[in-house]
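Structure first, commentary second.
Index from 1, following the sequence.
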Amino acid sequence: MKPLNIVHLFPELLNLYGDGGNVMTLRRRCEWRNIPVQVTEVGMGDSIDFSSADIVFIGGGADREQLIVKDAMMSRKADLSSYVADAGVLLAVCGGYQFLGHHYAMDDVVVDGLGIVDMETVRGEGRLIGNAVVQSDISDIPVIGFENHGGRTTLGSGVAPFGRVLAQTRGNNGEDGTEGLRYRNVIATYSHGPLLPKNPRVADALIELALQRRYPGAQLSHLDDALEDAAHDTMEQRLIS
């Protein structure tokens with residue numbers, strides 16, 4: 001079996017709140033199942049053939065880091081758009097999420113996005129900060145994380161939310177009850193933390209999508225997630241109460 005290729009874009013800059021832990025989790029959960037896997041880290045000056053990718057990850061960054069990677073991200077717009085159109089699996093968090101839309105605002109600066117997904121992000125008053133609890137169809141238990149963003153994101157035509165906000169969660173914009181998005185095989189969210197160690201079911205959903213794209217009908221073997229579930233349940237109960 002050819003190794004599953006996890007492509008991590010700009011890890012040296014887009015790694016806010018330990019977002020790189022998402023890649024570690026994907027890798028480990030493959031290794032525990034004896035699924036061959038490799039991680040390809042793509043820096044600012046590196047080239048990448050997205051046709052070789054099985055999962056692409058874009059993390060979050062502060063405004064300064066997002067502006068630094070903007071041009072490098074835009075130079076990959078056509079290739080990344082083709083990857084998504086070809087059912088490529090992509091996970092984007094916070095700043096990486098905002099990059100997917102038509103544009104996003106940082107203070108008085110409006111930055112062009114990749115335009116892969118019909119969405120836009122404007123600057124709001126204050127920041128949306130706190131632990132997040134989200135009900136998502138991708139998981140049979142609520143997804144937990146941490147959000148801290150000044151942008152307010154509105155989803156456009158043909159784009160579904162990743163989930164609906166529950167306790168203490170402001171989500172995409174603090175108004176419409178949505179959090180993140182799902183589009184084709186793209187999942188995007190404002191949840192840091194990092195997301196996947198706290199929510200192994202989401203990690204497995206991404207791995208399974210990637211495997212099924214290459215090997216239709218592929219399914220994952222079961223892992224004993226008793227410890228992960230106990231940690232998740234403790235946090236969920238604390239937030240819900």
Side-chain angles (χ1 to χ4, degrees), residues 3-24 26-27 37-123 149-151 153-159 180-190 192 194-195 206 209-210 213-214:
L4 204 69
N5 187 18
I6 302 170
V7 174
H8 188 177
L9 294 182
F10 315 121
E12 72 277 25
L13 290 168
L14 301 182
N15 188 27
L16 199 62
Y17 302 120
D19 283 339
N22 292 308
V23 173
M24 294 174 61
L26 291 168
R27 181 172 192 162
V37 61
Q38 67 183 36
V39 174
T40 302
E41 295 187 346
V42 179
M44 292 284 288
D46 297 335
S47 61
I48 176 65
D49 179 5
F50 284 105
S51 67
S52 69
D54 293 294
I55 301 175
V56 173
F57 175 66
I58 310 173
D63 288 355
R64 174 180 176 274
E65 283 73 26
Q66 286 183 230
L67 285 174
I68 290 173
V69 305
K70 175 180 70 70
D71 291 340
M73 189 76 77
M74 291 299 290
S75 71
R76 294 163 171 82
K77 176 178 178 177
D79 291 340
L80 196 55
S81 296
S82 296
Y83 170 78
V84 170
D86 192 36
V89 180
L90 187 152
L91 173 64
V93 174
C94 201
Y97 172 16
Q98 294 174 351
F99 269 123
L100 299 180
H102 300 298
H103 60 264
Y104 61 94
M106 295 188 297
D107 295 325
D108 295 329
V109 179
V110 177
V111 180
D112 288 336
L114 295 168
I116 294 173
V117 180
D118 184 14
M119 53 170 272
E120 64 175 352
T121 301
V122 300
R123 194 73 176 183
H149 54 102
T153 297
T154 303
L155 306 181
S157 175
V159 185
L181 68 79
R182 293 191 68 180
Y183 172 74
R184 296 184 181 268
N185 281 344
V186 175
I187 292 175
T189 177
Y190 275 114
H192 293 283
L195 172 73
L206 291 164
L209 284 172
R213 179 173 177 246
R214 189 191 293 176

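In this structure R184 satisfies the side-chain hydrogen bond (donor to acceptor under 3.5 Å, both in side chains) test with no other residue, sequence neighbours excluded. Not a single ring pair (Phe, Tyr, Trp, His ring centres under 6.0 Å) links Y183 to another residue, sequence neighbours left out.
Using cut-offs of 30° and 60° for the angle between ring planes, the Y190 and H149 rings count as parallel.
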Would you mind writing out the side-chain donor-acceptor pairs for residues 69-76 within the sub-3.5 Å range, not counting sequence neighbours?
unit_1	atom_1	unit_2	atom_2	d
S75	OG	A72	O	2.7
R76	NH1	A72	O	2.7
R76	NH2	D46	O	2.3

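Checked by atom type and distance alone, the side chain of N15 pairs as donor or acceptor with a backbone atom of G20 at under 3.5 Å. Judged purely by atom type and a 3.5 angstrom limit, R27 has no side-chain atom pairing as donor or acceptor with the backbone of I6. Judged by distance alone, the side chain of Y83 and the main-chain N or O of V89 form a donor-acceptor pair under 3.5 Å. Side-chain atoms of D79 never come within 3.5 Å of backbone atoms of F50 as a donor-acceptor pair (strictly under, hydrogens ignored).
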- T40 and N5: CA distance, side-chain angles, deciding distance, side chain to side chain donor-acceptor pair (under 3.5 Å) verdict: CA-CA 7 Å; T40 302; N5 187 18; 2.8 Å; yes
- Task: Run the numbers on E12 and M44 for side-chain contact (heavy atoms from CB on, under 4.5 Å), then give the verdict.
- Result: CA-CA 9 Å; E12 72 277 25; M44 292 284 288; 3.6 Å; yes
- Might you work through the side-chain contact (heavy atoms from CB on, under 4.5 Å) test for D54 and R214, ending with a clear yes or no? CA-CA 8 Å; D54 293 294; R214 189 191 293 176; 2.5 Å; yes
- Decide yes or no on side-chain contact (heavy atoms from CB on, under 4.5 Å) for T153 and L181, but give the supporting numbers first. CA-CA 10 Å; T153 297; L181 68 79; 6.0 Å; no
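Note: H102 NE2 to D112 CG = 11.5 Å, rounded to the nearest 0.5 Å. Taking CD1 from I58 and CG from L14, the interatomic distance works out to 8.0 Å, rounded to the nearest 0.5 Å. If you take CZ on F10 and CD1 on I68, they are separated by 11.5 Å, rounding to the nearest 0.5 Å. The distance from atom CG of L67 to atom CG of L13, rounded to the nearest 0.5 Å, is 11.5 Å.
P11 approaches V42 most closely through the heavy-atom pair CD-O, 3.5 Å.
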